[in-house]
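What's counted below: heavy atoms across the whole structure, side chains too, no hydrogens, waters or symmetry copies. What you are looking at is a predicted structure, and each value in this text was computed from that prediction instead of being measured.
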Amino acid sequence: MVETTRGGWHPARTIALERLFLPLSRVSIPPRISITIGVAGVGKTTLVRNFVHLWARGQVGKDFSLLLPLTFRDLNTYEKLSADRLIRSVFPHIGESGLAAAALPKILLILDGLDECKTPLDFSNTVACTDPKKEIQVDHLITNIIRGNLFPEVSVWVTSRPGVAGQIPGGLVDRMTEIRGFNEEEIKVCLEEMFPEDHTLSDWVLRQVQADRALYLMCTVPAFCRLAGSALGHLSRTKPGPQDSALWTPRTLCELYSWYFRMALGGDGQEKGKASPRIEQVAHSSRKMVGTLGRLAFHGLVRRKYVFYEQDLKAFGVDLALLQSALCGCFLRREETLASSTAYCFTHLSLQEFVAAAYYYSASKRAIFDLFTEGGVSWPRLGFLTHFRSAAQRAMQAEDGRLDVFLRFLSGLLSPRVNALLAGSLLAQGEHQGYRAQVAELLQGCLRPDVAVCARAVNTLHCLHELQHTELARSVEEAMRSGGLAGLTSPQHRAALAYLLQVSDACAQEANLSLCLSKGVLQSLLPQLLYCRSLRLDNNQFQDPVMDLLGSVLSGKDCRIQRISLAENQISNKGAKALARSLLVNRSLTALDLRSNSIGPQGAKALADALKINRTLAFLSLQSNAIRDNGARSVAEALAANRTLSVLHLQKNTIGPVGAQQMADTLKQNRSLKELIFSSNSIGDGGAEALAMALEVNQGLESLDLQSNSISDAGVAALMGALCANQTLISLNLRENSISSEGARELARALCINRTLKNLDLTANLLHDQGAQAIAVAMRENQALTSLHLQWNFIQAGAAKALGQALQLNRSLTSLDLQENAIGDEGASAVASALKANTALTALYLQVASIGSRGAQALGDALAVNRTLEILDLRGNTIGAAGAKALANALKVNSSLRRLNLQENSLGMDGAICVATALSGNHGLQHINLQGNHIGESGARMISEAIRTNAPSCTVEM
């Protein structure tokens, strides 16, 4: 499978091999010029060969009567060619009349490996040629074929590495496809196929690869995955002992390739039955190989040459006999060309880079002139450090990055672990080790203030990692964890951040870049953001232009971002429109948080229009964005068409009854929305009644938040009527409205009928004792509700008694919140009495409830019996030392309580010490709060010591 795209920002799509040259739609035509790109080793040539094989069997490309497969390795052997001769080189039987006489209706010319063409294509200065018999330079011939001057009816398929494909002008390209690397499952399958008889080994190799994200990302390239598997398989078979520091599991690229080199020396891959050479022969042959192939590999890299012919080998003094050895066979591959000559290339580009680095590493100790300018004029350069500086400068100046991996290997060869692995075979023991600190300083010096955070800067961090000099990256990683990233603004820190975004597992899961980015820094980090699954960009003062940048990232075919938070920035409707455009094509984003911006109704409309098409976004927060009724209407219209959004936050948006009516009309049809937060608007009873009508028929919504919406008894009556019929709502928040005892009676009637609601929040209403008593009576019958919040409702002892009676019968409620209600000792005693019989309640909140020592004693008696309560919060009461003693006695026998809050309860030192010493018999309590109890410093020390001695697993706040 490959991915295809045509033109600018259009989204990529996956396309099967049999459809590679077919029209993408009913109104399009088949492409004439197609380019397939892919990094080295991803399988371009394999794809071509597979296509040709399947075409020959009639399974793909049925429209083509003839395929002409050519490689640039073949074409490089010719100086001049005519179009007719080009065809006859593949099919000699076509004869002198050439392609024209063949009269075949549809032909596909395949040109594999543009990156291996010895002369770059120059479309600006190539003279047009229309004569198929005229012999011209090969690069001119290919240029004229692509332009259509020759063989205009022939379809052309070119494969190339990404950096070289740009030689062909975009205006001439009808279809651009890219071979994507392995996904996670394919990496696993590849390794299993390498070790079919040893699943334990394949699992171990996979774990080693996954342990380093940088290596794991490189394993998406099939050739690298197989190379890594071979090296790690060899490592496993050697079974190194823990005492051998040289045989550690590889954690850098250079260490991995060092193991591959050891594998080649050890004879893995040689024919079975052959005796292994003696160690002296191994060392001699390895050094001889580096001396011959290394020079070829290095100068090939410098000259962008990746295919070598016999004349190249002779020019660099390569002994052809040496190429027959098994050792060279692990690095170099031989192929015959159409012109009966032999072509050689390294089995993977990274092996060419490794051997080139090893050659440069060794040659630099004796070279007195610049190794990069061999054969030219250069200034004397003495010493390894001078040569390393030259290599670093060349790599930084190479915008195409062709020397990046070479420099990583060169840095890695200075690592003590690599030196230990290769000592005696490829490197001299301890060679150049004294330069490590100076090389690290030199590399960090490459990150100057005038150097942008680019791929070269990130590669410098890779080099430092290979060198095992990770202090810079670790300091930035620690700053990210501690929230101190805002203070790290130097170019070195920005480059380290970009590097971590690419390779850190923690950053891949969630990168918290809040309060620390400017537009410029963000722009430099855009390529690395693609690697993150979750991005937090809150409080960065981002304005609309930044949204254009982020939109470009979200629109990219490589985007993996699943969640992004842009809360508390300065985004207006223009920024929202930029994000909306990206949502039209993005296929990865599942959560978008835009709370506390100012997108307004127009921004909401733009996002809503995108939601009509987007099929991945599941979470959207537009909290505090002043979208008003018009914005709510736009969002509601989108929900009528959208089937994926499941969570929508619209609180604090000045939405009134009209907006609520629009949302209610949509909820009658929508089945996908599960959570709707509509709090802190002004929908009033009219909006509540509209939503109630929707709830009567809606079968999808599970959570509805209507906090602080000026809803009174009339609105609640309508909602409760709907609740009698609704079978899906699980959570209902009616905090901070105007519900009185009359509304509470409606609530009670609904609770007697409803069997699905589990969470009900009535905090800060006007229930009083009468309303709470009505709800308590209903709770005797209701066996569904698990959480009930009655905080700050003017409830007193009478209602507390009724709730206590209900708790003795109820078996579903697990959390009861009565804080800031003056239930007093009498009410606390009633609830405590219920706890002796109740086996369901796990959390009880009685903060600021006017409870004294008598109420605390009753609660203590209950805790001595109860075996289910885990959280008891008594903050802000006056239980005193006597109450503390009662609770302490209970703690000696209670085993279920996990958290106890006694903050601000006038315990004094005696009461606090009493509680602390009681913990010696308690093995369940995990957290206790004793703040605000006038304990004093000496008392605090005594209590801390007592708790540390009696309950070391319990944390205490004082």
Would you check, one step at a time, whether the test side chain to side chain contact (heavy atoms under 4.5 Å, CB included) holds for Leu648 with Leu639?
-> CA-CA 10 Å; Leu648 179 60; Leu639 287 178; 3.9 Å; yes
If only atom types and distance count, is the side chain of [X] paired as donor or acceptor with the main-chain N or O of [Y] below 3.5 Å?
X: Asn754; Y: Cys724; value: no
X: Ser679; Y: Gln651; value: no
X: Asp593; Y: Leu566; value: no
X: Asn793; Y: His768; value: no
X: Ser833; Y: Ser829; value: no
X: Asn877; Y: Ser850; value: yes
X: Ser565; Y: Asp538; value: no
X: Asn889; Y: Leu887; value: no
X: Arg867; Y: Val865; value: yes
X: Asn625; Y: Gly600; value: no

Heavy atoms of other groups near [X] [atom1], more than 12 under 6.0 Å:
X: His927; atom1: NE2; answer: yes
X: Met693; atom1: CE; answer: no
X: Lys674; atom1: NZ; answer: yes
X: Glu937; atom1: CD; answer: no
X: Gln770; atom1: CD; answer: no

Output, in order, the C-alpha distance, side-chain angles, deciding distance and verdict of side chain to side chain contact (heavy atoms under 4.5 Å, CB included) for Ser621 and Arg595.
-> CA-CA 6 Å; Ser621 176; Arg595 58 192 157 89; 3.8 Å; yes
May I ask you to check whether [X] and [Y] show a side-chain donor-acceptor distance below 3.5 Å?
X: Gln805; Y: Arg780; result: yes
X: Asn929; Y: Gln903; result: yes
X: His789; Y: Asp761; result: no
X: His649; Y: Glu675; result: yes
X: Gln541; Y: Gln570; result: no
X: Asp713; Y: Ser740; result: yes

Taking only Lys NZ, Arg NE, NH1 and NH2, and the carboxylate oxygens of Asp or Glu, determine whether Arg948 and Glu945 approach each other closer than 4.0 Å.
-> yes
Flag the pair Arg474 and Glu477 as a salt bridge only when some basic side-chain nitrogen lies within less than 4.0 angstrom of an acidic carboxylate oxygen.
-> no
For the residue pair [X] and [Y], establish whether any side-chain heavy-atom pair is separated by less than 4.5 Å.
X: Leu497; Y: Leu513; value: yes
X: Leu766; Y: Phe794; value: yes
X: Leu790; Y: Asp817; value: no
X: Ile739; Y: Leu734; value: yes
X: Leu607; Y: Leu622; value: yes
X: Leu537; Y: Ile564; value: yes
X: Leu813; Y: Leu788; value: yes
X: Val647; Y: Leu620; value: no

Looking only at heavy atoms, what is the nearest atom pair of [X] and [Y], with distance?
X: Met779; Y: Ala806; answer: CB-CB, 4.1 Å
X: Ala886; Y: Ala856; answer: CB-O, 4.2 Å
X: Leu747; Y: Val716; answer: CG-CG1, 4.1 Å
X: Ala912; Y: Ile935; answer: CB-CD1, 3.6 Å
X: Ser853; Y: Gly883; answer: CB-N, 3.9 Å
X: Ile851; Y: Leu874; answer: CD1-CD2, 4.1 Å

Atom pair [atom1]/[atom2] of [X] and [Y] - distance to nearest 0.5 Å:
X: Asn933; Y: Ile943; atom1: CG; atom2: CD1; result: 8.5 Å
X: Glu820; Y: Leu846; atom1: CD; atom2: CG; result: 12.0 Å
X: Leu803; Y: Ile775; atom1: CG; atom2: CD1; result: 8.5 Å
X: Ser787; Y: Leu757; atom1: OG; atom2: CG; result: 10.0 Å
X: Glu510; Y: Arg533; atom1: CD; atom2: CZ; result: 12.5 Å
X: Leu930; Y: Met909; atom1: CG; atom2: CE; result: 12.5 Å

Residues Leu841, Thr814; criterion side chain to side chain contact (heavy atoms under 4.5 Å, CB included); working and verdict | CA-CA 4 Å; Leu841 203 69; Thr814 59; 5.5 Å; no
Identified side chain to side chain contact (heavy atoms under 4.5 Å, CB included) partner of Met663 from the options Asn670, Ile683, Leu676 | Leu676
Please lay out, stage by stage, how Cys954 and Ile928 fare under the test side chain to side chain contact (heavy atoms under 4.5 Å, CB included).
-> CA-CA 7 Å; Cys954 181; Ile928 186 169; 4.0 Å; yes
Please step through side chain to side chain donor-acceptor pair (under 3.5 Å) for the pair Ser514 and Asn539, ending with a clear verdict.
-> CA-CA 6 Å; Ser514 302; Asn539 282 291; over 6 Å; no
Report the C-alpha separation of Glu742 and Arg745 in whole Å, then their side-chain angles, then the decisive distance to 0.1 Å, and conclude whether the salt bridge (charged side-chain N to carboxylate O under 4.0 Å, His left out) test is met.
-> CA-CA 5 Å; Glu742 182 180 345; Arg745 284 191 286 271; 5.3 Å; no
